[in-house]
Number of protein chains: 2
Amino acid sequence: MTTTAPTGLNPHLTDLAARLRAEIGEDAVITEPEERYAGDTAVRAEAGTEFLLVLPRDTAGVQATLRAAHETGTVVVPRGSGSGLSGGAVPSHGAIVLGLERLTAIREIDPLDEVAVVEAGVITADLSAALAPHGFFYAPDPASARLSSIGGNIATNAGGLHCAKYGVTRESVLALEAVLADGTLLRTGHRSIKGVTGLDLTQLLIGSEGTLAVVTAATVRIRPLPVARRTLLARFPSTTAAAAGVNAISLSPVRPAATELLDAATLHDIDANAGSRIAEGDTTILLIELDGYGVEEQTTDLTAALTVAGATLRVIEDETEAEHLWELRRSGRGSGAGGHRLGEDVAVPKSQLGAVFAELAEIGARHGVQTSAVAHAGDGNLHPSLALPSAPEDVPGQLPPAILAAADDLVRAAIDLGGTISGEHGIGTAKRGWLDLELPTPSRDLQRRLKDAFDPRHLLNPGKAL
Amino acid sequence: MTTTAPTGLNPHLTDLAARLRAEIGEDAVITEPEERYAGDTAVRAEAGTEFLLVLPRDTAGVQATLRAAHETGTVVVPRGSGSGLSGGAVPSHGAIVLGLERLTAIREIDPLDEVAVVEAGVITADLSAALAPHGFFYAPDPASARLSSIGGNIATNAGGLHCAKYGVTRESVLALEAVLADGTLLRTGHRSIKGVTGLDLTQLLIGSEGTLAVVTAATVRIRPLPVARRTLLARFPSTTAAAAGVNAISLSPVRPAATELLDAATLHDIDANAGSRIAEGDTTILLIELDGYGVEEQTTDLTAALTVAGATLRVIEDETEAEHLWELRRSGRGSGAGGHRLGEDVAVPKSQLGAVFAELAEIGARHGVQTSAVAHAGDGNLHPSLALPSAPEDVPGQLPPAILAAADDLVRAAIDLGGTISGEHGIGTAKRGWLDLELPTPSRDLQRRLKDAFDPRHLLNPGKAL
């Protein structure tokens, strides 16, 4: 066992490294971590940020890490698979980055209780793959499902494509195993579908972005695979017309499993990247998945509603083609321009989709920024892309001011339309500046008091989310 | 305006009454309330419990009441329609009982956003009645839906018959308007379906039984009325066989809107009370509702699964007959014996339904108590009835010790089977003694700290739920 200080690690972290090596194993403590641990998919720590990476193999290792951090007053930044988009897992200077990626056991799959018990590091798509032979699936499916972990999904209350019908992560989590800031093990919730004993700590931890406790495992609801699926491609002359199509779906009795809106710029970008031919001039697409019983009747009713709304419809009978279209959708993040791009995440009451698209176009024109968007239209959740080509005045590692100004206008527009500053990516570090726009003072005050109740010394992910 | 002290009200409450009459109106302050305000449907306050009843007409009146209570250190007991079954709204001595029953506005129905904004005093069934002309309904439907209020449903996170498919109250609430202990107005949540900004105060308030804040209004999700409904009556030779039938449903691809189990004793009791003929010897029934698209295919698949499991099936084609059966179900609370009866509420992982029925029979035999049960079988939520005929040794107003002992055994059995002490009725005063069975110490400690964060002086519904 070596306890030699690596270059650049301060004595405090060096001592901690030695202690944790002794307690949870040599290979769990990494003093010179790979570059990727310095940030998530969107946000990087500042250069020179010093941190100790700890990757325990089990819940006991998480407890030991938090106990050591608590006793030494060390900040802890919990980390799932690092696929976050808001900086929730970005290291603080002098912190322990506590990675859950080695807690990958699917402890139990129980079709009779319709639950699975999974550790925080399980990759979301791996869970559904493990469930498929049993005839079940796990409903929450962020577009990042092949990268993101269950723990990260819980930390951000992740959404995805199927939420309007199946709910967000919150609706699929029954119970949690978590570790408090001082290393105490906490069990919340129940394995039964119903249960109303005490305050719902499970629900409070979901979406708390690692600021209250570190989730190590979850009991999640699983659902039977649908007996049938059907993909519809509805093409509209404009985003305004497509938004009217979303309203037509709301007034119909059909509730699609997914309703994804892709605007013209996004479609052209997908075609350019994937060699596909999905774009047609300025048209906008609603890509719709129906599932369950009666997909024929569902198709008939939805076709009627969307045709009246002005759509040109194509029912995709071929499953390979349908799968290909959904792959294209997952790859689509708006047009890029080969320079700078910011992927945003706002949500509005879904009747306001047309209005937010109109705002987006105006904002783009005002700031000279290229805009495009995909939307989980059934949820009113929009992922606009704000882009600019590279320019001589660019500051390395920074987005151009015009993109930042456009993002600010966009977030404010979403709030003005009755929406929220983050539909599903979380606040992290990226959106803290806008919190006051959405949360009134009494709410902010309460959230601070709740944080104190869980983590009085503010050692868990300080500077994030709240 | 009179400020004369009524007989029996202490000077503190008399002063408060005068202040509140001046602030929110003469008719909102009731010093000699009707008897029903002394308790809920199951639990009564002790004789001589003195309280002041305040019935504001609006949120401002609720704020004024809480402000006055806060300034004078007066305990406040929030009250919906009084249909609770666990004593959550039972007056404390010297308290203000703050009734929400006059906040009955449905402020908004918006089919395009799929939300309604309703005040706390709206009766649950009235909301669905108001939504029906728009082609929508409100999914949570406790059996008490014609009595209970939206605010009360939120306070207890009420369940009901359709939760396995549509979720409990928690899954249908997007945002809350609430008043904190000091009278501050709090707005939580969002109108969009998605939203992850900050800690989820909406979810924390749901199920908190009036101990954290007083909910005055809610933004709830509404859903399109199903295109079709179908009722199936599956008869099994025993509760064990019916529980196996529930497992067969879990392994099938069909998810009924409701799956209600009624045991033989319950069926005989229903027939005796309603003049119906639903009982057949010792048989147990699963009363099943299918809805949505493809009910024919759903019926075929479910019939196949249940027939293999040993059921005799009848598909109820006649809608009047189907409605009559559901009415009978709603009236069924287990056999009574014309003496003492305790209606219980426990939930277990649903594969354990057979085991909990077996325990129930043993417990009844052990204590000489008549047992029967209905169950929301799709949720594993059981409402056993524990009954005894009247006897000379009875103490007026008290349940016989044998019933209390049987209830204790039952709750412990549910916990041993991996279940919970309350599926949907809440803890109130009735179940506080069992809290420690279910909640480990770290969870209890945290819940106390959260209570302190909301209500540091413990003025909101003390002695309940936590």
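Only this structure's heavy atoms are used, side chains among them; waters, hydrogens and symmetry mates stay out. Residue numbers begin at 1 in each chain, while the letters A, B, ... track the order of the sequences.
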**Q** Taking all non-hydrogen atoms of both residues into account, name the closest pair between A:S252 and B:P224 and its distance.
**A** O-CB, 4.2 Å
**Q** Considering only heavy atoms and a distance below 4.5 Å, find which of B:L180, B:L225, B:L450 pairs most often with chain A.
**A** B:L450
**Q** Within this structure, what is the CG-CG distance for the pair B:D452 and A:D452, rounded to the nearest 0.5 Å?
**A** 12.0 Å
**Q** Check whether A:A158 gets within reach of chain B through its side chain, its backbone, both or neither, counting any heavy atom under 4.5 Å.
**A** neither
**Q** Could you go step by step and tell me if A:V295 and B:Y293 meet the side-chain contact (heavy atoms from CB on, under 4.5 Å) rule?
**A** CA-CA 8 Å; A:V295 284; B:Y293 283 92; over 6 Å; no
**Q** Quick one: closest heavy-atom pair of B:P253 and A:V227, and the distance?
**A** CB-CG1, 3.5 Å
**Q** State, to 0.1 Å, how close A:S250 and B:L112 come at their nearest heavy-atom pair, and which atoms those are.
**A** OG-O, 3.5 Å
**Q** Does any heavy atom of chain B fall under 4.5 Å from the side chain of A:L185, the backbone, both, or neither of them?
**A** backbone
**Q** Quick one: are A:S443 and B:L186 in side-chain contact, heavy atoms under 4.5 Å?
**A** yes
**Q** Measure distances from A:N381 to the heavy atoms of chain B and classify the residue's part below 4.5 Å as side chain, backbone, both or neither.
**A** side chain
**Q** If you look at every heavy atom in B:I193 and A:G378, which pair is closest and at what distance?
**A** CD1-O, 3.6 Å
**Q** Is B:P440 in contact with chain A via its backbone, its side chain, both, or neither, using a 4.5 Å heavy-atom distance?
**A** side chain
**Q** Using a strict cut-off of less than 4.0 Å between a Lys/Arg side-chain nitrogen and an Asp/Glu carboxylate oxygen, indicate whether A:D200 and B:R170 qualify as a salt bridge.
**A** yes
**Q** Show the nearest heavy-atom pair for residues A:L439 and B:G198, with the distance to one decimal.
**A** CD1-CA, 4.4 Å
**Q** Measure the spacing between CZ of B:R191 and CG of A:L417 and express it to the nearest 0.5 Å.
**A** 12.0 Å
**Q** Select, from A:D345, A:T441, A:V246, A:D301, the one with the greatest count of heavy-atom pairs under 4.5 Å involving chain B.
**A** A:D301
**Q** Give, for atom CG of B:D445 and atom OG1 of A:T184, the distance between the pair rounded to the nearest 0.5 Å.
**A** 9.0 Å
**Q** Answer with side chain, backbone, both or neither: which region of A:R444 has an atom nearer than 4.5 Å to a non-hydrogen atom of chain B?
**A** neither
**Q** Would A:S192 and B:V348 count as a side-chain contact (heavy atoms from CB on, under 4.5 Å) if you check the C-alpha gap in whole Å, the side-chain angles of each, and the deciding distance to 0.1 Å?
**A** CA-CA 5 Å; A:S192 53; B:V348 293; 5.7 Å; no
**Q** Between B:K350 and A:D113, is the closest basic N to carboxylate O distance under 4.0 Å?
**A** no
**Q** Would you mind checking which part of A:V254 comes under 4.5 Å of any heavy atom in chain B, side chain (CB onward), backbone (N, CA, C, O), both or neither?
**A** both
**Q** Just give me the residue among A:P442, A:S422, A:A347 that pairs up with chain B most often, heavy atom to heavy atom, under 4.5 Å.
**A** A:S422
**Q** Report the option among A:R221, A:E424, A:H190 that has the most heavy-atom pairs separated by less than 4.5 Å from atoms of chain B.
**A** A:E424
**Q** Looking at A:K431, A:Q203, A:E171, A:R448, which makes the most heavy-atom pairs under 4.5 Å with chain B?
**A** A:Q203
**Q** Quick check on A:L174 against chain B: is it the side chain, the backbone, both or neither that has a heavy atom closer than 4.5 Å?
**A** neither
**Q** Pick one of side chain, backbone, both or neither for A:T156, based on which atoms fall under 4.5 Å of a heavy atom in chain B.
**A** backbone
**Q** Considering only heavy atoms, which portion of A:H134 lies under 4.5 Å from any heavy atom of chain B: side chain, backbone, both, or neither?
**A** neither
**Q** Identify which of A:G380, A:G195, A:G159 forms the greatest number of heavy-atom pairs closer than 4.5 Å to chain B.
**A** A:G195
**Q** In sequence, state the C-alpha distance, the side-chain angles, and the governing distance for B:K194 and A:T420, and then conclude on side-chain contact (heavy atoms from CB on, under 4.5 Å).
**A** CA-CA 8 Å; B:K194 284 182 184 166; A:T420 168; over 6 Å; no
**Q** Rounded to the nearest 0.5 Å, what separation is found between the CG atom of B:D379 and the CD atom of A:E114?
**A** 10.0 Å
**Q** List the steps and the verdict of side-chain contact (heavy atoms from CB on, under 4.5 Å) for A:V196 and B:I427.
**A** CA-CA 8 Å; A:V196 293; B:I427 303 302; 5.7 Å; no
**Q** Before accepting this row, confirm whether a basic side-chain N of the pair A:R187/B:E438 lies closer than 4.0 Å to the acidic partner's carboxylate O.
**A** no
**Q** Nearest 0.5 angstrom please: B:L199 CG to A:R449 CZ, how far?
**A** 12.5 Å
**Q** Using non-hydrogen atoms and a 4.5 Å limit, figure out which bit of A:F454 sits close to chain B: side chain, backbone, both or neither.
**A** both
**Q** Top residue by heavy-atom pair count (under 4.5 Å) with chain B, among A:L201, A:I249, A:I206, A:T202?
**A** A:L201
**Q** Heavy-atom pairs under 4.5 Å with chain A - which of B:L466, B:N247, B:N157 has more of them than the others?
**A** B:N247
**Q** Against chain B, label A:L446 side chain, backbone, both or neither, depending on which of its atoms sit under 4.5 Å from a heavy atom there.
**A** side chain
**Q** Below 4.5 Å from any heavy atom of chain B, which atoms of A:R255 appear? Answer side chain, backbone, both or neither.
**A** side chain
